[in-house]
Amino acid sequence: MIKVVFVCLGNICRSPMAEFIFKQMVSERGLDNEFQIASRATEKYNELCHAGIHPRTKQILQEMHIPFQEHFSRQIRKNEYDDFDYILAMDSQNVSDLHQLLGPDHQHKIFRLLDFTPNPLNIKDPWYTGNFDETYWDITEGCEAFLSFLKK
Ligand code: 4NP
């Protein structure tokens, strides 16, 4: 069982999109039983507001026929470091926040999702850019590259 958590700032736009895109990829390959897949925030604000998935994230998942359930923002907890094998952040700010929240990454579990691709960039925050299509394609590229990395 490979345990993966996708992490972004708010856990309402990028990381839930990544959670459901990756679940679908794994499912299409008949690998559901091999993975446990989750998503978390680095900040607590949206958890305190009990914020659900952003409507534009839901819209693009629907357009792309990717199944999803409602999900409420949850900040990653320090004790969850041991619960996951891969902690996949969307941008370098998430990575620094994760180091603050979880302590030293002794087991080298923390990566940026696009670091598995030939274009190791940040996935821009659509909360600010408004470009959820770009987010979808970046996350899809990252998830495909991550699966190929695991196969090797
Ligand atoms: P996310 O986007 O990190 O991709 O979920 C954001 C969602 C909410 C906020 C910022 C970014 N916010 O400031 O509430």
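All values below were derived from every heavy atom in this structure, side-chain atoms included, with hydrogens, water molecules and symmetry-related copies excluded. As the structure lists them, so they are numbered: ligands from 1, and atoms in each ligand from 1.
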Name the closest protein heavy atom to atom 4 (O) of ligand 1, giving the residue it belongs to and the distance to 0.1 Å.
Arg14 NE, 2.8 Å
Does Tyr45, at its OH atom, have more than 12 non-hydrogen atoms belonging to other residues, nucleotides or ligands within less than 6.0 Å?
no
Checking a contact table here: which protein heavy atom is nearest atom 11 (C) of ligand 1, and how many Å away?
Asp125 OD2, 3.0 Å
Which is it for Phe111 and Phe146 under the ring pair (Phe, Tyr, Trp, His ring centres under 6.0 Å) test, yes or no, and what are the steps along the way?
CA-CA 10 Å; Phe111 300 86; Phe146 176 59; 7.8 Å; no
Best match, Phe132, Tyr128, Trp127: closest heavy atom to atom 12 (N) of ligand 1
Trp127
Geometric cation-pi criterion Lys58 and Phe68, 6.0 Å radius, 45° cone
no
Looking at Glu47 and Arg77, does any basic side-chain N land under 4.0 Å from a carboxylate oxygen?
yes
Would you mind finding which of Thr57, Asn46, Asn11 brings a heavy atom closest to atom 14 (O) of ligand 1?
Asn46
State whether a side-chain donor-acceptor pair under 3.5 Å links Asp97 with Asn94.
no
d(Asp133 CG, Glu63 CD) to nearest 0.5 Å is 7.0 Å
Look at atom 5 (O) of ligand 1 and say which protein heavy atom is nearest, naming residue and atom and giving the distance to 0.1 Å.
Cys13 N, 2.9 Å
To which protein heavy atom is atom 3 (O) of ligand 1 closest, and what is the distance rounded to 0.1 Å?
Gly10 N, 2.8 Å
State the atoms of ligand 1, each with its element, that fall below the 4.0 Å cut-off from a heavy-atom position in Leu9.
3 (O), 10 (C), 11 (C)
What are the atoms of ligand 1, with element, lying closer than 4.0 Å to any heavy atom of Cys8?
1 (P), 3 (O), 4 (O), 5 (O)
